[in-house]
Amino acid sequence: MASLVELQLNQAQEAAANERQGPLQVFAGAGSGKTRVIVERVRRLIALDGVRPERILALTFTNRAAREMRERSAALFGAEAERVWFGTFHSACARFLRFYGESLGLSRNFVVYDDADQRTAVSRCLRDLGRANAAADVRAWAGRINRAKQEGLAPQDLPERTYADRQLVELYQRYEQALKQSQALDFSDLLLRTLQGLRTEPSFRLQLERRFDQLLIDEFQDTNQVQYAIVQALASRHRCLCVVGDDDQSIYRWRGANRDNLRRFREDFSEAKVVLLEQNYRSTPEILAAANAVISRGRDREPKVLHTENPAGHSVCVWSCHDSAEEGRAFLCAVDEAVDAGFALSDIALFYRTHAQSRIFEEVLRQANMPYRIFGGLRFYERAEIKDIVAYLRLVHLSQDDVAFLRVVNTPARGIGKTSVERLLLHAVELGLPLLDISTNPASVPDLNANAKRRLAAFAALISQLRARYRVHRSVATLTADIFEESGIKAALTQDATVENQARLDNIRELMNSVIEWERANGGMPDGSSADRSTQEPSETAAHALSSEANPEVPHSDPSQRAAHLGAIEPLTAFLESITLASEAVEGEETHGALTLMSVHSAKGLEFPVVFVAGMEHGLFPYQRSGDEGDPEAFEEERRLAYVAMTRAEKLLHLSHATTRRIYGQLRLQHPSPFLEEVAALPVEERRSDGFGFSPRRPLTHLRLTASPSFGGYSDDADNAANTFKSDYRRATPTLMGVTPRTHQGSTTLTHAASDGASDDVSVQQRTGSATRDAETFERDGTYVDYEESQLEELPFSIGAQVLHERFGPGRILHIVTAMPPRARVDFDTGPRQVLLSYLRLAPS
DNA sequence: GAATGAAGTATTTTT
DNA sequence: TACTTCATTC
């Protein structure tokens with residue numbers, strides 16, 4: 001960003017920073033200096049209006065955003081900024097509930113279940129109810145519960161019309177009961193309980209209403225129903241709230257975000273001022289023109305047009321590739337050119353719609369010896385070994401935590417197998433007691449063998465020992481070290497010294513370091529006075545703000561006093577909360593001087609000098625899954641996603657597409673994305689490979705596609721194959737004038753003449769009865785069959801053949817899939833299923 | 001409870 | 001294709 005911009009706000013920005021007395025809605029276009037405006041507004045609230053910093057609440061969606069605001073504020077106006085409450089919706093609500101939740105019947109020591117914990121709990125509830133609990137089902141049911149919670153619906157609010165409805169209600173009820181018994185809240189609960197408290201518990205509402213004088217909500221287009229209602233309730237007294245957002249960057253509808261909240265806001269706060277930030281400081285006019293070409297065709301948007309005064313730059317570059325491997329090479333080529341032009345590798349980012357696309361790029365980059373970092377892997381606290389240790393911590397913290405119990409009762413293996421746990425679970429359901437309690441005295445568990453009883457008791461004793469010692473030393477770090485040693489995790493990992501185990505040990509060591517650091521920063525250890533503000537957790541600042549407000553007589557500016565405040569919450573409770581609510585993605589080691597690869601979603605909120613967006617193809621970006629075709633809302637969100645991707649770029653923007661791509665093992669003909677076509681109508685530069693490499697940059701006025709000689713359509717006879725081929729080919733080649741089919745010795749050749757005078761021969765292969773093109777045929781019932789011609793001849797089986805399977809007995813082949821290894825779909829007595837060909841014998845006739 | 005093999009299933013992700 | 005998960009067997 002130019003330094004001049006740092007010093008001065010433009011007119012719209014000035015308006016947003018100055019409108020501080022009532023509700024305000026700011027539409028902040030991509031790269032319009034949003035964070036700057038927010039930070040400046042906060043500064044003025046404190047400096048000009050005399051608002052006490054701890055009475056300002058700024059809510060964001062991610063810890064990253066909260067941290068950025070806190071840091072930018074500190075840079076702008078120093079110490080006062082530290083007392084402003086910057087936090088996520090979830091961390092703020094967790095704090096509210098910790099401090100004021102007793103009136104809602106909540107324990108001060110509740111634990112927070114993350115998604116994985118939630119699934120474990122749901123799975124157990126399904127089992128308790130005697131229902132199927134396969135992983136895919138668990139995920140689906142958990143999703144349904146979450147959807148209900150996001151809309152603020154309790155089990156009794158749900159419809160019970162169908163069987164599935166009733167199943168959900170039954171499960172949801174049981175799940176809530178399980179949470180209660182484990183003193184646990186899931187992520188949605190943090191919001192939902194806060195809202196319920198605000199609505200039904202006057203004392204809770206009063207305390208929070210009085211607590212803040214100014215509210216600020218970032219990324220408002222991402223709020224869901226419950227979040228909106230919380231904001232509304234919190235602001236009802238003073239109505240001094242500022243919501244900032246951009247409807248064009250709303251890309252989280254699928255997780256409950258409700259874009260309509262922007263409109264609702266103007267109804268509920270009809271006196272609100274509205275400010276539009278439309279000047280972009282990030283991108284070149286070329287990039288902005290491309291982005292605008294896409295977003296301007298969006299439906300149902302707030303009318304606004306992003307413009308820039310930045311100097312002209314380079315044309316947007318469109319790469320037409322034959323396949324994904326060539327797309328990888330195209331990226332490499334773009335990287336080389338950017339580096340030649342003086343960009344650093346860390347200036348360059350590759351975005352893709354789905355993570356599956358990253359593989360080929362990783363291969364290409366590794367081959368070229370290019371350092372890169374990739375986002376979207378497992379986060380640190382999601383790694384198994386870390387979750388194990390944390391589960392021990394949780395079990396020490398609360399013996400009711402059955403989810404934690406189930407995770408570690410046999411981790412590391414200590415001879416308490418599935419069957420034993422099963423029996424324990426059955427018994428626990430009957431008694432309604434926590435698993436750990438029963439394990440302390442396992443004699444009463446029916447059918448449990450003596451060994452298992454002994455081992456369970458030993459496990460329970462281990463936990464209670466750890467807990468007893470923790471009560472004395474009260475150090476999370478010491479407890480963590482004890483767990484590592486005494487649980488047997490250390491022994492198990494050191495015993496066989498594989499590379500993986502070494503990595504796991506390193507991770508655990510890293511965890512222990514972070515615990516020590518956390519403890520130091522939060523005054524849990526004797527030398528807590530050395531607390532360093534720069535390392536504070538957001539939740540810690542929040543705790544400070546709340547507790548100092550709750551005890552106004554205690555001064556809050558002295559760090560050593562803050563430790564005393566935190567004493568109000570168990571250190572272990574506080575630590576566990578900080579890791580579930582503030583777990584960040586692990587970044588690769590090579591953060592410096594490395595390329596960045598990430599999904600478009602994770603790119604939101606970031607910017608890079610050079611951006612390459614891969615896979616701009618129909619069906620991939622916009623992503624489309626079957627059944628989606630007619631959903632205009634889904635398509636509109638993809639459009640906004642493309643807009644987000646493009647507006648991340650500062651100087652150079654590359655878009656690419658491949659004509660063929662392997663999707664779920666099937667080679668598919670890919671058409672360019674409509675978004676790409678919209679951009680290609682502008683003066684862009686087209687690049688394509690001549691088979692040896694990419695030609696140097698050259699200006700182009702329109703995008704033209706060539707068909708690859710190996711692609712196909714779907715058909716069940718030769719004529720259809722030729723026709724499908726023709727129409728696909730025609731669609732892919734806008735310049736195509738005519739296609740002439742010629743059949744000779746079982747092989748059809750299509751000759752096409754293009755308008756530019758060129759002509760080309762493409763052959764369509766066909767075999768007995770069913771047509772093939774590029775070794776693919778289509779069966780009548782809609783399943784693909786693909787095969788190599790040579791393989792087909794070797795196969796002893798044919799469609800319709802009677803076969804025998806070792807396990808399933810006699811059957812008839814419905815169709816053959818000659819992927820490697822080859823399979824067939826066979827109609828057995830028990831119904832059709834797909835089996836490996838190697839398990840089949842021809843039935844004697 | 002490990003090892004094997006067969007079958008099922010394929011976005012986006014933060015808290 | 002490539003992954004995970006489930007069932008069976010040793």
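Chain identifiers are assigned alphabetically (A, B, ...) following the order of the sequence lines, protein sequences preceding nucleic acid strands; residue numbering begins at 1 within each chain. For clarity, every value in this text was computed on a predicted model and none was experimentally measured.
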Original post:
Contact class for A:Gly415 (heavy atom, under 4.0 Å): base, sugar-phosphate, or nothing?
Top reply: sugar-phosphate
Subject >> C1'-based separation of B:dT13 from C:dA2 [nearest Å] >> reply: 22 Å
Subject >> Nearest-Å distance for atom pair CD/P, residues A:Gln624 and B:dT11 >> reply: 15 Å
Subject >> A:Glu637 CD to B:dT11 P, straight-line distance once rounded to whole Å >> reply: 17 Å
**OP:** Look at all strands and tell whether A:Ser188 reaches a base, only sugar-phosphate, or nothing, counting heavy atoms closer than 4.0 Å.
**Re:** nothing
Original post:
Within the structure, does a side-chain N or O atom of A:His355 lie under 4.0 Å from either OP1 or OP2 of B:dT13?
Top reply: yes
Original post:
Glycosidic conformation of B:dT11, syn or anti, with 90° from 0 as the boundary?
Top reply: syn
Original post:
Quick one: is the NZ or CZ of A:Arg67 closer than 6.0 Å to the six-membered ring centre of A:Phe86, and within 45° of its axis?
Top reply: no
Subject >> Candidate nucleotides B:dT11, B:dT13, C:dT1, ranked by approach to the side chain of A:Arg625 - the nearest >> reply: B:dT11
Original post:
Start at the 5' end of DNA chain B and walk down; is the nucleotide closest to A:Ile416 or to A:Tyr664 reached first?
Top reply: A:Ile416
Original post:
For the pair made of CZ in A:Phe187 and C1' in B:dT14, what is the distance, rounded to whole Å?
Top reply: 8 Å
**OP:** Could you check how far CZ of A:Arg67 sits from P of B:dT15, rounded to whole Å?
**Re:** 10 Å
**OP:** Would you please indicate yes or no on a ring centroid separation below 6.0 angstrom for A:Phe375 and A:Phe351?
**Re:** no
Subject >> Sugar-phosphate only, base, or nothing, as touched by A:Asp114 at under 4.0 Å among non-hydrogen atoms >> reply: nothing
Subject >> Ion pair check, A:Lys387 and A:Glu382, cut-off under 4.0 Å >> reply: no
Subject >> Length of the line joining A:Glu638:CD and B:dT12:P, which is rounded to integer Å >> reply: 11 Å
**OP:** Give a yes/no on whether any side-chain N or O of A:Ser602 is located under 4.0 angstrom from OP1 or OP2 of B:dT13.
**Re:** yes
Original post:
What nucleotide, of C:dT1, B:dT11, B:dT14, holds the atom closest to the side chain of A:Thr62?
Top reply: B:dT14
Original post:
Taking only N and O in the side chain of A:Thr580, is any of them less than 4.0 Å away from OP1 or OP2 of B:dT15?
Top reply: no
Subject >> Euclidean distance, atom OH of residue A:Tyr623 to atom P of B:dA10 [Å, nearest integer] >> reply: 9 Å
**OP:** Kindly point out which of C:dA2, B:dT15, B:dT12 is positioned nearest to the side chain of A:Thr88?
**Re:** B:dT15
Original post:
Separation of A:Arg662 atom CZ from B:dA10 atom C1', in whole Å?
Top reply: 16 Å
Original post:
Do the side-chain N or O atoms of A:Arg255 get closer than 4.0 angstrom to the phosphate oxygens (OP1, OP2) of B:dT12?
Top reply: no
Original post:
Which whole number of Å gives the distance between the P atom of C:dT5 and that of B:dT12?
Top reply: 16 Å
Original post:
Does the ring of A:Tyr643 carry A:Arg640 above it, NZ/CZ under 6.0 angstrom from centre and within 45° of its axis?
Top reply: no
Original post:
Between A:Arg414 and A:Asp115, which has a closest nucleotide on DNA chain B that is more 5'?
Top reply: A:Arg414
Original post:
Is it true that A:Arg259 and A:Glu636 have a side-chain N and a carboxylate O under 4.0 angstrom from each other?
Top reply: no
Original post:
Tell me: CD of A:Gln118 to P of B:dT15, nearest whole Å?
Top reply: 16 Å
Original post:
Are A:Phe96 and A:Trp85 an aromatic pair by the rule of ring centers under 6.0 Å?
Top reply: yes
Subject >> For A:Phe187, all residues meeting ring pair (Phe, Tyr, Trp, His ring centres under 6.0 Å), sequence neighbours excluded >> reply: A:His90
**OP:** May I ask you to say what A:Arg353 touches in the nucleic acid, namely base, sugar-phosphate or nothing, with a heavy-atom cut-off under 4.0 Å?
**Re:** base
Original post:
Stacking between A:Trp254 and the base of B:dT11 (centre distance under 5.5 Å, interplanar angle under 30°)?
Top reply: no
Original post:
So what does A:Phe61 hit on the nucleic acid, given a heavy-atom distance under 4.0 Å: a base, only sugar-phosphate, or nothing?
Top reply: sugar-phosphate
**OP:** Indicate whether OP1 or OP2 belonging to B:dT14 is found under 4.0 Å from a side-chain N or O atom of A:Asn63.
**Re:** no
